[in-house]
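A quick write-up on the structure given underneath.
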Amino acid sequence: MAWLNDQFAKVIRFAVGSIRPQGAFEWLEADGSHVPGKHPQLFLTARMTYVAALAAVRGIPGSGALLDHGVDALLALHRDPAADGWIADPLTDPNTRKMTYDHVHVGFAAANAVAAGSERARDVLDHAIHVIDTHLWRPDEAALVESYAADWTDSEPYRGANSNMHGVEAFLAIGVATGDPVWFRRALAISERLIDGAARANHWLMPEHFTADWEPLPDYNRDEPAHPFRPYGWTPGHAFEWSRLLLELAAALGDTAPGWLAESARALGDTALATWGIDGTPGFGYTTDWDGVPVVTTRLHWPLCEAIQAVALLHRATGDPAYESAYRRCWDHAAAHWIDETGMWANELTPELTEGSTIWRGRPDVYHTVGALLGPQVPAAPNLAAALAVAGTDITRAP
């Protein structure tokens, strides 16, 4: 645990350099400088606010200012006082579509910030709940829509597993922050559709893209397979992410959790683990086709981070030593190829395990990294900041 905590402190020291004095956060290069031409993005602002909440709970010096800065950006720079909700790119394109992906990240960040003691984050959380209830949640579908025009018209005729997956993550955190179990029921409903339904029916290779009537679109973006948010094919990293979330959902539901949650978490984790090195190089590639053949073999940091969290929780849940072995293998691989001398992770590696930038440049995102560092330290929990607060703030010992 000491090594994990030391790495977490290093990541926070690096992340503090992303503070933009005019509001929100800069995209950082590997050396900590600002990526030219990049502007604050809502989902990254929300993610950095979440990271700051975890750092505040852990008592990292400077994290309080980092958290306040993130909350400020969500209260002001990114807010859309005219049309409601938040603006993804307020500096260069205030009329960008309002994405569910962005807005559930805001709710997720606010819920964790509240758990970290930020009173002003309650205003962000209240508004995020209003936006979700008013615009994003479809009771007739028991799921989230994908996006709207800037004025909340022109709903996109597409349904995405990615935005709904992050909706599950947000709903779990919101349920803890508000004490309202409706959020856990919504998370379960989404999971029933996408996991107990679509993923199970497709041998645990979960479809990512659907029509507005929830018909799978298996060829979606075949001509743009490396899309950063909507890639073609199956995404092993999302299988790991879902595995973790299902165990967190089971923890939230307690004795009322259906048995398929744990079963599915294990099936998804095992299916994704089987892709380790299938292209001849250690690690997890970005995507495969529906027969399991690699499509995009570029490595991204976040599938490895999610694998670390998933196998740690699976080991806690099952006691199976294979998951402990996988946990150690993932960390050995990370230390050998991903983590630089500052403690930061490369965002992307080529199939030859050299740093790349075809999908994501620089070091814009530490959300998955801190999950890998802190998530395995506590049992499955629907709100990591709250779980860490219960465990204690002393980072010199294991919680």
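Remember, it's a predicted structure, so these values are computed and weren't measured experimentally.
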Only distances under 3.5 Å count here; give the side-chain donor-acceptor pairs of residues 304-312 to other protein atoms, sequence neighbours excluded, each with its distance to 0.1 Å.
unit_1, atom_1, unit_2, atom_2, d
E306, OE1, R244, NE, 2.9
E306, OE1, R244, NH2, 3.4
E306, OE2, R244, NH2, 3.4
E306, OE2, H368, ND1, 2.9

Could you list the donor-acceptor pairs under 3.5 angstrom formed by side chains in residues 224-231, with sequence neighbours left out?
unit_1, atom_1, unit_2, atom_2, d
H227, ND1, F229, N, 3.0
H227, ND1, R230, N, 2.8
R230, NH1, E156, OE2, 2.9
R230, NH1, Y220, OH, 2.9
R230, NH2, E146, OE2, 3.3
R230, NH2, E156, OE1, 3.2
R230, NH2, E156, OE2, 3.2

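With contacts defined as side-chain heavy-atom distances shorter than 4.5 Å, the pair S191/W242 qualifies. Looking at heavy atoms from C-beta onward, V131 lies out of side-chain contact with K98 at the 4.5 angstrom threshold. Here the side chains of T281 and T297 are not in contact, with every heavy-atom distance at 4.5 Å or above. Side-chain contact check for N162 versus T235: every heavy-atom pair is 4.5 Å or farther apart. In this structure, the side chains of T369 and W338 stay at 4.5 Å or more apart for every pair of heavy atoms. Side-chain contact between D332 and R329: absent, with no pair of heavy atoms (C-beta onward) separated by less than 4.5 Å. Residues I278 and T288 have side chains in contact (heavy-atom distance under 4.5 Å, counting atoms from C-beta outward). Residues W204 and S264 form a side-chain contact, since some pair of their non-hydrogen atoms from C-beta on lies under 4.5 Å apart.
The two residues L136 and W152 make their nearest non-hydrogen contact at CD2-CZ3, 3.9 Å. Taking all atoms of both residues into account, the shortest heavy-atom contact from L188 to L249 is CA-CD2, 3.8 Å. The minimum heavy-atom distance linking T96 with D89 is given by the pair OG1-N, 3.9 Å. Residues L144 and S163 share a closest heavy-atom pair of CD1-O, 4.2 Å. When all heavy atoms of V57 and A389 are compared, the pair lying nearest together is CG1-N, 3.4 Å. Between G343 and V11, the shortest heavy-atom contact is O-CG2, 3.7 Å.
Atom OG1 of T298 sits about 9.5 Å away from atom OH of Y286, to the nearest 0.5 Å. For the atom pair D320 CG and R266 CZ, the distance stands at 4.5 Å (nearest 0.5 Å). Of the inter-residue distances, the one linking L217 atom CG with D219 atom CG reads 8.5 Å to the nearest 0.5 angstrom. The line from CG of L353 to CZ of R299 is 6.5 Å long, rounded to the nearest 0.5 Å. The distance from atom CG of L349 to atom CD of E355, rounded to the nearest 0.5 Å, is 7.0 Å. Rounding to the nearest 0.5 angstrom, the gap separating the CG atom in L54 from the OG1 atom in T49 is 11.0 Å.
Using bins of under 30°, 30° to 60° and over 60° for the plane-to-plane angle, the ring pair Y158/H209 lands in the tilted bin. Below 30°, between 30° and 60°, or above 60°: for Y101 and H105 the angle between ring planes is between 30° and 60°, a tilted geometry. Taking the six-membered ring where the residue is Trp, W331 and Y327 present perpendicular rings, their angle passing 60° and hence far from 30°.
Heavy atoms from other residues, nucleotides or ligands lying under 6.0 Å from CG of D255 number 12 at most. Crowding of R328 atom CZ: a count of heavy atoms from other residues, nucleotides or ligands under 6.0 Å not exceeding 12. Annotation for H203: atom NE2 does not count as buried by contact number, only 12 or fewer foreign heavy atoms lying within 6.0 Å.
One N or O on the side chain of W27 and one on the backbone of H39 form a donor-acceptor pair closer than 3.5 Å. The main-chain N or O of A149 is never found under 3.5 Å from a side-chain atom of T153 such that the two would form a donor-acceptor pair. E169 places no side-chain N or O within donor-acceptor distance of the main-chain N or O of M165, the cut-off being under 3.5 Å. Judged purely by atom type and a 3.5 angstrom limit, N202 uses its side chain to pair as donor or acceptor with the backbone of L205. Side-chain atoms of S118 do not come within 3.5 Å of backbone N or O of V114 as any donor-acceptor pair. With hydrogens and angles ignored, the 3.5 Å screen pairs a side-chain donor or acceptor of T271 with a backbone N or O of A267. Judged purely by atom type and a 3.5 angstrom limit, S33 has no side-chain atom pairing as donor or acceptor with the backbone of E29. A donor-acceptor pair is defined here as one N or O able to donate and one able to accept, closer than 3.5 Å; such a pair exists between the side chain of N5 and the backbone of M1.
A continuous path of hydrophobic side-chain contacts links I129 to V71 [ILVMFWY only; heavy atoms under 4.5 Å]. If you chain together hydrophobic residues whose side chains sit under 4.5 Å apart, M206 and L300 never meet in one group. Using a 4.5 Å cut-off between side-chain heavy atoms of Ile, Leu, Val, Met, Phe, Trp and Tyr, with links allowed through other members, L66 and V366 fall into the same hydrophobic cluster. In the hydrophobic cluster analysis, where Ile, Leu, Val, Met, Phe, Trp and Tyr join through side-chain heavy atoms closer than 4.5 angstrom, L313 is grouped together with V370. The hydrophobic clustering, which links ILVMFWY residues whose side-chain heavy atoms are closer than 4.5 Å, places V168 and V145 together.
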Q.
Apply side chain to side chain contact (heavy atoms under 4.5 Å, CB included) to residues T100 and W137 and explain how you reach the verdict.
A. CA-CA 9 Å; T100 292; W137 178 253; over 6 Å; no

Q. Which is it for W86 and H127 under the ring pair (Phe, Tyr, Trp, His ring centres under 6.0 Å) test, yes or no, and what are the steps along the way?
A. CA-CA 10 Å; W86 286 269; H127 191 63; 4.9 Å; yes

Q: Apply the test side chain to side chain contact (heavy atoms under 4.5 Å, CB included) to residues L384 and E248: give CA-CA distance (whole Å), side-chain angles for both, the deciding distance (0.1 Å), then the verdict.
A: CA-CA 10 Å; L384 184 54; E248 293 171 355; over 6 Å; no

Q.
side chain to side chain contact (heavy atoms under 4.5 Å, CB included) for F25 and I19? Distances and angles first, verdict last.
A. CA-CA 5 Å; F25 302 94; I19 289 178; 4.1 Å; yes

Q: Given salt bridge (Lys or Arg N to Asp or Glu O under 4.0 Å), test E263 with R200 step by step and report yes or no.
A: CA-CA 11 Å; E263 174 212 355; R200 184 186 296 276; 2.9 Å; yes

**Q.** Candidate pair W260 and E192, rule side chain to side chain contact (heavy atoms under 4.5 Å, CB included), full reasoning
**A.** CA-CA 9 Å; W260 65 262; E192 285 175 338; 3.3 Å; yes

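Using modelled atom types, one finds no donor on one side chain facing an acceptor on the other under 3.5 Å when comparing H301 with D365. Inspection of the E352 and T354 side chains reveals no N or O donor paired with an N or O acceptor under 3.5 Å.
With respect to R186 and D133, a salt bridge is recorded, a charged nitrogen being found less than 4.0 Å from a carboxylate O. Salt-bridge formation is detected for the pair D6/K10: a Lys NZ or Arg NE/NH1/NH2 atom is positioned less than 4.0 Å from an Asp or Glu carboxylate oxygen. A salt bridge is defined here as a Lys NZ or Arg NE, NH1 or NH2 lying under 4.0 Å from an Asp or Glu carboxylate O, and E348 with R361 fails to meet this definition. Using a 4.0 Å cut-off between a side-chain N of Lys or Arg and a carboxylate O of Asp or Glu, R363 and D340 qualify as a salt bridge.
Not less than 6.0 angstrom separates the ring centroid of W345 from the ring centroid of H337.
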